[in-house]
Number of protein chains: 2
Amino acid sequence: MAKIDFAKAPTLHDVAKAAGVSKGTASNVFNRPDIVREEVRERVLEAAKSIGYRGPDPKGRMLSAGKVNAIGVATVEPLAYFFEDPYARVLMAGITEACDANGTGISLVSAANEEELAWNVHSALVDGFILFCLKGAERLIALSRERQLPFVALDFGTKDDAMSVVSIDNIEGAGRAARHLAELGHRRFAVLSMEFIEGSSGRATMERVNAASYSTSRDRVRGYFEALEAFGIDTSNVPIFETLCDRETVQSALEEIFASPSPPTAILAQSDRIAFFALDWLKAKGISVPADVSIIGFDGVPESATSTPPLTTIRQPIAEIGRRAVRAILDHHGETWREKIDTELVVRGSTAPPRD
Amino acid sequence: MAKIDFAKAPTLHDVAKAAGVSKGTASNVFNRPDIVREEVRERVLEAAKSIGYRGPDPKGRMLSAGKVNAIGVATVEPLAYFFEDPYARVLMAGITEACDANGTGISLVSAANEEELAWNVHSALVDGFILFCLKGAERLIALSRERQLPFVALDFGTKDDAMSVVSIDNIEGAGRAARHLAELGHRRFAVLSMEFIEGSSGRATMERVNAASYSTSRDRVRGYFEALEAFGIDTSNVPIFETLCDRETVQSALEEIFASPSPPTAILAQSDRIAFFALDWLKAKGISVPADVSIIGFDGVPESATSTPPLTTIRQPIAEIGRRAVRAILDHHGETWREKIDTELVVRGSTAPPRD
DNA sequence: CACCGACCTTGAACCGGTTCAAATTTTGCT
DNA sequence: AGCAAAATTTGAACCGGTTCAAGGTCGGTG
């Protein structure tokens, strides 16, 4: 009865010696038992059992294989973020599903501060990273580059071409949103956008849009406008208001929008969050949705189903993004891989044909 | 400008050669730069930069250090479970917090089927396991034992002494529950317990309790009774009904309890789940809670705050359990460690002084 | 000038496996 | 029995580092 001894576990070498075979043969017993003569195989297994050897230590295997069989999911947020944020949870569900199907493990990489993050990224035992890009994305990307492992950034609106990215097709999604409203008969629109440039808000021109450092916001505007133009709508008359996705900037954008002599009958909000703030403001002003004005969001967060009225929106297939990201790491070993995933229009109660 | 080349990253050996120093010195440059002469250090760093070496590969470090700096969190459920189950999420938040504070990584270990689980447990690159014991706990424990790594089981009511366990103090928590009711003035009680033995239900004797294979259920009864006896209550008159934590067995227990000529004024439910079923039955029978009868749950699940009436219960400090589990692995290297964590009484609307 | 200690550097051993060409043993056949 | 082919086994190299005893260099001291 071998006692468990954490101080010194037996190694393959010990087993080989005990069984009177070479290390190579012992290794084969565990990895390719079929090429070892039965008699020898049994002898080795018996020796292993008697000295308490439970099979090859993954640490050794990993070194020589050069593969860890795990991918790291990294973010700048503290680790707990993965389990708290609703978006993150759905995404992780997709990631774990793909990993499960592939027998790949998942390591969570993150840290409270920059320094630890650097260390964690550099010392994580993984074959690649999925970068959960929120704030601090550039830093995360730089660290991953340094580590010289394959990595894929999620839905990060960057112009950097030299890396793998899995994201939704913002142009196509925005197009769906605009088309939906145009098909309902709307002809007067306004856009509530996210930031084009860090921290800026207010009415934006197309020059500003084109100079955006956040390509997500830019692409959504482009998507809207392409679709609207297909309906013969002159988009140069469609006002674009940049917001910080907070109540204040959304409200002041709306104040300005509805101060116009011919206010829009439909609002294109670049995120559900913006749409919710807009809904609140409209209700406060006694403007009825969707009777007086229609509004469509973007993202398809769970709350969009339960708002008043329920929000028509463009749903991101979050879990699918996670799954694809895993495949991107696993299947496209290191080469840069860019993939756009289709979004889906979810029609709920916040859109309807215009009044007249 | 060294091109990133996934096929063949430079190794410490390459750096040493390029800098004209020994591998040992090169290693020191990265790990104990202070003991290397400045001139040499710079030469090595420069050589590293020029051939595109970004620092020691954790794979190598890990092998020789024998430590991975990560702990595995294992469960029998599919990986997605970690991100979906509310209890799991809170627990993980605690675990991640403790790991964060310690610079330790987290690997998620789990699998859809038995075979994969075995492989995953055997091949996970971790220094120890936290076992998330739900169904299939025995199997998980057996696998972890085989792996010969430290592990700690969470809140698993087993009698097995030869392993580390972090759990709540069921006796103390149950005591709190009973004391609360006794202090309100209650003197006639009934206990709705979880299983003592797999699959059994119905009225239970103290012999049955003492022979329980699930120590959680047993300890909670003991806790209740110890506290009640301190109030001079004769616990031999307190009926104990074993339930399967489902509606049916809880209902039939209640039928029997309230068929008594002098029914209890207070019910001690061993889980919130049981308490909810009891609440439903009592409402259906027109028995008012807490006017006619008080009821207290156990666990403090989120729903307990929003039930009708809100449930008085014993809250488990779930996140704290997670934190302690991490410490148990990290601080008590391999030795078996058993820890009980205090619970907390949460008084809500389901308890009140007895009518008379 | 010889010797000593402080400070660096070296080189080999080791961590625990995997892999593969070469050596050895079996097997199949005549 | 003799011999080639097939089946096994061996042993060394390798994966990418870390560690440490031993050796070397250099300045200071008696």
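Protein chains get the first letters and strands the later ones, always in sequence-line order, with residue 1 at the start of each. For the numbers below, each heavy atom of this structure counts, side chains included, while hydrogens, waters and symmetry mates do not.
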### Task
Quick one: do B/Val326 and B/Thr104 satisfy side-chain contact (heavy atoms from CB on, under 4.5 Å)? Show the steps, please.
CA-CA 9 Å; B/Val326 173; B/Thr104 300; 5.8 Å; no
### Query
Taking it one step at a time, do B/Ser107 and B/Leu125 satisfy side-chain contact (heavy atoms from CB on, under 4.5 Å)?
CA-CA 8 Å; B/Ser107 277; B/Leu125 284 166; over 6 Å; no
### Task
Output, in order, the C-alpha distance, side-chain angles, deciding distance and verdict of side-chain contact (heavy atoms from CB on, under 4.5 Å) for A/Ile130 and A/Val166.
CA-CA 10 Å; A/Ile130 291 178; A/Val166 169; over 6 Å; no
### Query
Hey, mind stepping through A/Leu143 and A/Arg147 against side-chain contact (heavy atoms from CB on, under 4.5 Å) and telling me if it holds?
CA-CA 6 Å; A/Leu143 286 169; A/Arg147 180 65 193 279; over 6 Å; no
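Boundaries of the chain A contact region on DNA chain C are C/dG16 to C/dT19, first to last in 5' to 3' order (nucleotide atom under 4.0 Å from a heavy atom).
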Close N/O contacts between protein and nucleotides 20-22 of chain D (under 3.5 Å):
none

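Taking a cutoff of 4.0 Å between a charged side-chain nitrogen and a carboxylate oxygen, B/Arg43 and B/Glu46 do not qualify as a salt bridge.
A/Thr25 comes within 4.0 angstrom of a base, heavy atoms only. If you check every strand for non-hydrogen atoms under 4.0 Å, A/Thr11 touches sugar and phosphate atoms only. Backbone-only contact: A/Tyr53 has heavy atoms under 4.0 Å from sugar-phosphate atoms and none from a base.
The aromatic rings of A/Phe82 and A/Phe132 sit tilted, their planes meeting at an angle between 30° and 60°.
Sorted by first then second residue, the side-chain hydrogen bond (donor to acceptor under 3.5 Å, both in side chains) pairs that include residues 67-76 of chain A, not counting sequence neighbours, number zero.
By the side chain to side chain donor-acceptor pair (under 3.5 Å) test, B/Arg54 pairs with no residue at all, sequence neighbours left out. Residues that satisfy the side chain to side chain contact (heavy atoms under 4.5 Å, CB included) test with B/Thr96, not counting sequence neighbours, are A/Leu79, A/Ala80, A/Phe83, B/Ile106.
Projected onto DNA chain C by closest heavy-atom contact, B/Leu63 and B/Arg41 fall at different nucleotides, the more 5' of which corresponds to B/Arg41.
Taking the C1' atoms of five terminal pairs at each end of the helix from C/dC1-D/dG30 to C/dT30-D/dA1, the two resulting helix axes are inclined by 60°, rounded to 10°.
Between A/Arg37 and D/dA7, a side-chain N or O to OP1/OP2 separation shorter than 4.0 Å is absent.
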